[in-house]
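First the structure, in the form of structure tokens, and then the observations on it.
When a ligand or atom number is given, it counts from 1 through the structure's own listing order.
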Amino acid sequence: MSLSTRAPAETAAVDTPAITLRGLRKTFGDVVAVDAVDLDIADGEFFSMLGPSGSGKTTVLRLIAGFEQATAGTVRLGGTDVTRSAPFERDVHTVFQDYALFPHMSVLDNVAYGLRVRGLKKAERRDRAQQALETVRLGHLGARRPAQLSGGQRQRVALARAIVLQPRVLLLDEPLGALDLKLREQMQVELKQLQRELGITFVFVTHDQEEALTLSDRIAVFDAGRIQQLGTPREIYENPASAYVAGFVGTTNLFDAATSQRILGVAGEHAVRPERLRLSPGSDTETPRADEVRLDAVVVETIYLGTGNRVHLRTSEGVDLVALEQSTGSLDTREHRGDDVTVRFARADVVPLASGS
Ligand code: ATP
């Protein structure tokens with residue numbers, strides 16, 4: 001750990017959020033990109049904005065950075081209203097998906113550039129840039145040009161260039177989007193460690209639900225410019241507020257109101273995660289327990305996932321379900337297409353969804 005760690009108390013009153021958005025709205029002509037966004041992001045939080053393409057998350061990021069002007073509402077950083085401030089007047093830094101490195105400069109000069117703009121002396125610039133490179137484990141590559149680096153290394157230079165300025169808030173716009181899966185997973189771990197070490201507030205934009213679930217302290221799920229749900233990864237996954245969130249974050253079994261009534265005996269829409277379903281071979285004639293739902297089904301398809309199986313089922317009532325079974329090491333547990341099975345799940349695992357979603 002080479003850069004100084006920020007304790008929240010050094011930089012702001014303990015309870016002042018790093019970012020406060022109130023009634024934030026942005027329109028482009030007829031398009032409402034962001035609508036009625038109210039959000040507090042705590043100092044030192046790893047916060048993700050998750051949503052499909054066009055849901056407005058990048059626009060929110062650009063409104064925080066000052067690259068866009070709000071049509072209505074306010075942006076506060078550490079309690080100060082910056083709604084009308086220029087980007088350079090805001091204590092935030094953005095890491096873009098394409099990294100935006102200067103190709104003609106060495107890696108060290110790329111990292112030191114922001115310090116030059118701030119008027120630091122050459123020796124100090126070099127020292128601090130070198131420290132930032134060491135933080136992202138690239139201390140030995142300062143003399144290279146960006147073109148002589150791998151994708152993951154370029155991504156780390158972009159991070160070093162941001163953290164050398166020690167901003168209070170780091171905005172990251174799909175920063176891992178250009179990396180292959182293995183590198184992406186490695187960088188996810190590194191990003192999380194870096195954020196913990198530096199104590200900087202991270203605001204992370206992604207359309208990758210797994211990435212958001214893995215990295216974040218809290219997630220805002222966006223749709224059509226609005227926040228559909230705000231919560232910890234566990235809250236969002238275990239208790240999705242709507243069919244939209246349940247469907248977007250992970251695979252789920254959705255029961256519309258009519259099916260819920262018929263199969264579960266309850267009113268309104270419901271969801272059950274595939275890993276909550278338990279399968280046993282054959283049809284079960286015992287009376288089901290009061291705390292569980294039991295259904296007869298036939299296996300439509302079994303997909304081998306390495307870590308387990310994804311089993312597609314159709315119940316005797318004609319409802320399609322998906323079950324996830326962890327691999328137990330036994331070769332005999334795999335269900336085959338056409339097999340009759342009994343599906344069980346606990347009533348406690350049935351999540352009611354908000355009506356009209
Ligand atoms: P992506 O994941 O594809 O980046 P996003 O969720 O970040 O999507 P935004 O880029 O915030 O979504 O866009 C929200 C909406 O605003 C979209 O309908 C988009 O077409 C529109 N939009 C964004 N920027 C502009 C612009 N400069 N001019 C006109 N429309 C825009």
Side-chain angles (χ1 to χ4, degrees), residues 19-41 45-75 77 82-87 90 92-100 151 154-155 158-159 162 169-181 183-185 187-188 191 201-216 218-231 233 236 240-250 357:
I19 302 170
T20 310
L21 309 178
R22 286 292 176 271
L24 200 61
R25 180 179 169 86
K26 177 67 182 175
T27 55
F28 298 100
D30 291 344
V31 178
V32 181
V34 174
D35 195 17
V37 168
D38 291 323
L39 188 60
D40 289 322
I41 300 177
E45 193 169 21
F46 197 125
F47 190 89
S48 290
M49 297 198 282
L50 175 68
S53 184
S55 58
K57 50 204 192 302
T58 300
T59 305
V60 173
L61 202 76
R62 292 174 61 80
L63 287 163
I64 297 170
F67 300 130
E68 302 286 357
Q69 288 285 305
T71 310
T74 55
V75 178
L77 294 175
V82 297
T83 315
R84 302 287 151 213
S85 306
R90 304 182 185 203
V92 300
H93 194 93
T94 310
V95 178
F96 297 99
Q97 186 175 350
D98 62 5
Y99 317 143
R154 275 202 286 276
Q155 150 61 240
L159 274 176
V169 174
L170 202 55
L171 307 175
L172 301 113
D173 190 1
E174 303 248 6
L176 310 182
L179 306 179
D180 65 44
L181 183 64
L183 200 50
R184 203 180 162 105
E185 287 175 352
M187 283 304 301
Q188 286 172 358
L191 262 186
T201 309
F202 273 33
V203 185
F204 190 85
V205 163
T206 182
H207 62 262
D208 181 332
Q209 43 104 5
E210 211 175 295
E211 195 160 273
L213 290 176
T214 324
L215 291 176
S216 320
R218 280 191 311 153
I219 300 173
V221 182
F222 278 76
D223 183 38
R226 285 175 176 256
I227 295 176
Q228 298 296 321
Q229 190 171 358
L230 179 65
I236 302 257
S242 65
Y244 171 81
V245 175
F248 189 71
V249 182
S357 55

**Asked** Which residue supplies the protein heavy atom nearest to atom 14 (C) of ligand 1, what is that atom called, and how far is it?
**Response** Gly54 O, 3.5 Å
**Request:** Indicate yes or no: at least one non-hydrogen side-chain atom of Ser216 is less than 4.5 angstrom from one of Phe202.
**Result:** no
**Message:** Main chain of Val75, side chain of Thr83: is a donor-acceptor contact present, judged purely on distance under 3.5 Å?
**Reply:** yes
**Message:** Could you report the tightest heavy-atom contact between Leu50 and Lys57, atom names first, then the distance?
**Reply:** C-CD, 4.0 Å
**Request:** Report yes or no: does Gly56 have a heavy atom closer than 4.0 Å to ligand 1?
**Result:** yes
**Message:** Quick check on side chain to side chain donor-acceptor pair (under 3.5 Å): which of Asp38, Asp40, Thr74 does Arg22 satisfy it with?
**Reply:** Asp40
**Prompt:** Taking all atoms of both residues into account, what is the closest heavy-atom pair of Val221 and Phe248, and its distance?
**Reply:** CG1-CD2, 4.4 Å
**Prompt:** Less than 4.5 Å apart, any side-chain heavy atom of Ile64 and any of Leu21?
**Reply:** yes
**Prompt:** Of all the non-hydrogen atoms in the protein, which one sits nearest to atom 4 (O) of ligand 1, and at what distance?
**Reply:** Thr58 OG1, 3.3 Å
**Prompt:** Closest non-hydrogen protein atom to atom 23 (C) of ligand 1, residue and atom name please, with distance?
**Reply:** Phe28 CE1, 3.5 Å
**Asked** For atom 29 (C) of ligand 1, is the nearest protein heavy atom closer than 4.0 Å?
**Response** yes
**Message:** Within the structure provided, determine whether Ile227 and Phe222 are in side-chain contact (heavy-atom separation under 4.5 Å).
**Reply:** yes
**Message:** Starting from atom 11 (O) of ligand 1, what is the nearest protein heavy atom, named by residue and atom, and what distance separates them?
**Reply:** Thr59 OG1, 2.5 Å
**Prompt:** Considering only protein heavy atoms, which is closest to atom 3 (O) of ligand 1, and at what distance to one decimal place?
**Reply:** Ser53 OG, 2.6 Å
**Prompt:** Quick one: does Pro52 get a heavy atom under 4.0 Å from ligand 1?
**Reply:** yes
**Asked** Would you say Ser55 has any N or O atom under 3.5 Å from an N or O of ligand 1, going by distance alone?
**Response** yes
**Asked** So which heavy atom in the protein is nearest atom 2 (O) of ligand 1, and how far is it from that ligand atom?
**Response** Lys57 NZ, 2.7 Å
**Request:** Please indicate, with yes or no, if any protein heavy atom is found under 4.0 Å from atom 20 (O) of ligand 1?
**Result:** no
**Message:** Could you go through Asp208 and Arg184, starting from their C-alpha distance and side-chain angles, then the distance that decides it, and tell me whether this counts as side-chain contact (heavy atoms from CB on, under 4.5 Å)?
**Reply:** CA-CA 11 Å; Asp208 181 332; Arg184 203 180 162 105; 3.3 Å; yes
**Message:** Please determine whether side-chain contact (heavy atoms from CB on, under 4.5 Å) holds for the pair Thr201 and Leu170, giving the CA-CA distance in whole Å, both sets of side-chain angles, and the decisive distance to 0.1 Å.
**Reply:** CA-CA 6 Å; Thr201 309; Leu170 202 55; over 6 Å; no
**Asked** Looking only at distance, does Ala33 have an N or O less than 3.5 Å from an N or O of ligand 1?
**Response** no
**Fill in**
Nearest non-hydrogen protein atom to atom 18 (O) of ligand 1, with distance, is Val31 CG1, 3.8 Å
**Prompt:** At a 4.0 Å cut-off, with the gap strictly under it, does some heavy atom of His207 reach an atom of ligand 1?
**Reply:** no
